[in-house]
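Worksheet: one structure, shown below.
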There are 2 protein chains.
Amino acid sequence: MSDAEQTRQNILTVAADEIHQHGFKATSLSVILNRCEISKGALYHHFTSKIELGYAVFEEIYTPMFLDLWQSALAVEDPVEGLCTFFTSMTDQMSCSEVVCGCPLNNLCEEMANVDEGFRLRILSMQEQLNQSIVDALEKINDDLRDGLALSQVSYFIVATLNGATTLSKSSRNKELFQQVIAELCLYIRALKK
Amino acid sequence: MSDAEQTRQNILTVAADEIHQHGFKATSLSVILNRCEISKGALYHHFTSKIELGYAVFEEIYTPMFLDLWQSALAVEDPVEGLCTFFTSMTDQMSCSEVVCGCPLNNLCEEMANVDEGFRLRILSMQEQLNQSIVDALEKINDDLRDGLALSQVSYFIVATLNGATTLSKSSRNKELFQQVIAELCLYIRALKK
DNA sequence: CTTGCAACATACCGAGCGGTTGGTTATGAT
DNA sequence: ATCATAACCAACCGCTCGGTATGTTGCAAG
């Protein structure tokens, strides 16, 4: 990797961390510059504005990390159990910072979706992608599922609940609350089967 | 109501609206001053700081509005149906601004809970209050419910899902998504019964 | 009539923000 | 060796922010 590309990646990584911790608006460019030990000129050489940097973080850091994570949970023989073990393992390996800071994508969604159209469309596209993945996975075992299920609706329900659980644990700083909601969510998911 | 009290209430109302629209940090005091047609001295006569104003909005505007709303849904003969009609009526009367801005308490929770301890504790206390109300309501019809339900867990699950649904519709600007999650939530709630 | 305080108004402050400008250094093709 | 350009730096700009210091008005008690 060239030096320039290295610099760019460094900026993206640090910016992703800062945005995760403090949100997009509250993220200060000067903090990123200090952490990267570069000048403002260097940053504006690689990115035309703060919001373009934000888009890049979203597309190049958050989105792939997020989709890969879900894909690994869904690409198993029984996606129902895949999701359940995925969720419960989240509660186990959830670090303290993750409890406090929440899901970076959920945070960005809350903060920026109704403020900036660029973010909103990117978030929306990713949500639809994720929803389709879940629906596809569930359709594969359609014979094992109850009749009359609206799979897309079910999928959105699952994602919404997971986001809500993250927010809940974030505000309460309480892993147990998250665990409880997840436990109930797993009950719901398993009840999808016949 | 005295003139001074009138001024105070006016500040609170306008601030509540601004915070709902733009979040706490992005809410500018000067905008509030303009809308209220008062000076900065007037505001700082009634409130010692921006954050104290925020606390007052939370306690005197958001909290009572919120709890009353839930209480009216729970204080009926069958709280299960009460909640379902409450949720579905939300989807109907949801104004455009509410879709875009989301639930003010949910927003504040997302934005401030992990930044300011004062907000966090207030949010936490309200969440516990709400959860207790739901649990109490459900316990009243315990005989009609399935055995082995963890009611507190169920209650947190419901609230988490509702919040997640709000966030989802906010980012997508799509009432239908909200409606779908709510429909699935009602299925879940009704399935609590025997 | 005056004195005191609540209820405001006006003007200003320092800090931090995103962004720009005008330069300097490193690199790679010719 | 030259030279354009990529890559980077330091200084500065305009602006808005929350907050403060000081001044003014009006009413109400003594």
Side-chain angles (χ1 to χ4, degrees), chain A residues 1-58 60 107-108 111-112 115-119 122, chain B residues 1-60 107-108 111-112 115-120 122:
Chain A
M1 188 156 46
S2 67
D3 283 3
E5 185 58 25
Q6 177 72 46
T7 303
R8 198 188 123 91
Q9 286 302 322
N10 193 220
I11 295 174
L12 281 176
T13 308
V14 170
D17 183 53
E18 286 292 325
I19 293 174
H20 185 196
Q21 281 188 53
H22 309 108
F24 177 76
K25 291 183 217 162
T27 286
S28 163
L29 294 186
S30 54
V31 170
I32 297 178
L33 303 181
N34 284 336
R35 281 186 59 182
C36 291
E37 292 178 330
I38 58 168
S39 70
K40 193 164 274 192
L43 193 148
Y44 273 86
H45 173 73
H46 289 285
F47 304 96
T48 64
S49 63
K50 186 190 182 185
I51 208 155
E52 286 296 332
L53 170 60
Y55 294 161
V57 166
F58 186 93
E60 300 178 38
N107 292 352
L108 263 183
E111 184 189 3
M112 300 304 295
V115 171
D116 179 82
E117 194 70 0
F119 269 121
R122 282 168 175 82
Chain B
M1 188 155 47
S2 67
D3 282 4
E5 185 58 24
Q6 177 72 46
T7 302
R8 198 188 122 92
Q9 287 302 322
N10 193 222
I11 295 174
L12 281 176
T13 307
V14 170
D17 183 52
E18 287 292 324
I19 292 174
H20 185 195
Q21 281 188 52
H22 308 110
F24 178 76
K25 291 183 218 164
T27 286
S28 163
L29 293 186
S30 53
V31 171
I32 296 178
L33 302 181
N34 284 337
R35 282 187 58 183
C36 291
E37 291 176 332
I38 59 169
S39 69
K40 192 163 275 193
L43 193 149
Y44 273 86
H45 172 74
H46 288 285
F47 304 95
T48 64
S49 64
K50 186 190 182 186
I51 207 156
E52 285 296 332
L53 170 60
Y55 294 160
V57 167
F58 186 94
E59 289 171 353
E60 300 177 39
N107 293 351
L108 263 183
E111 184 189 5
M112 300 304 295
V115 172
D116 179 82
E117 194 69 2
F119 268 121
R120 206 192 116 245
R122 282 169 174 83

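The analysis underlying the following values was restricted to heavy atoms, covering all of them including side chains, and did not include hydrogens, waters or symmetry mates. Labels below follow one simple rule: chain letters A, B, ... track the order of the sequence lines, proteins then strands, and each chain is numbered from 1.
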Mind calculating the distance between CZ (B:Phe47) and P (C:dA7) to the nearest angstrom? 12 Å

A:Val115 versus A:Lys25: any side-chain heavy-atom pair under 4.5 Å? yes

Does some side-chain heavy atom of B:Tyr55 sit less than 4.5 Å from a side-chain heavy atom of B:Asp116? yes

Interatomic distance, A:Glu18 CD vs C:dG18 P [rounded to whole Å]: 11 Å

Rounded distance in Å - CZ (A:Phe24) to P (C:dC17): 13 Å

Got a second to check how far B:Ser39's OG is from B:Asn34's CG, nearest 0.5 Å? 11.5 Å

Contact list (N/O, under 3.5 angstrom) for nucleotides 13-15 of chain C vs protein:
none

Going by ring pair (Phe, Tyr, Trp, His ring centres under 6.0 Å), name the residues that satisfy it together with B:Tyr44, two or more places apart in sequence or in a different chain. none

4.5 Å side-chain heavy-atom contact, B:Arg35 and B:Asp17: yes

Can you check whether A:Phe24's main-chain N or O pairs, donor with acceptor, with A:Lys50's side chain at less than 3.5 Å? yes

Please tell me if the side chains of A:Leu12 and A:Leu53 come closer than 4.5 Å, counting only heavy atoms from C-beta onward. yes

Any B:Leu108 side-chain heavy atom under 4.5 Å of B:Arg122 side chain: no

Check the distance between C:dC8's P and B:Asn10's CG and give it to me in whole angstrom. 11 Å

When rounded to whole Å, the CG to P distance for the pair B:Asn34 and C:dA9 reads 12 Å

So if I define the base as every atom that isn't primed, P, OP1 or OP2, how would nucleotides 3-17 of chain D read as a B/S/- string at a heavy-atom cutoff under 4.0 Å? ---SBSBB------S

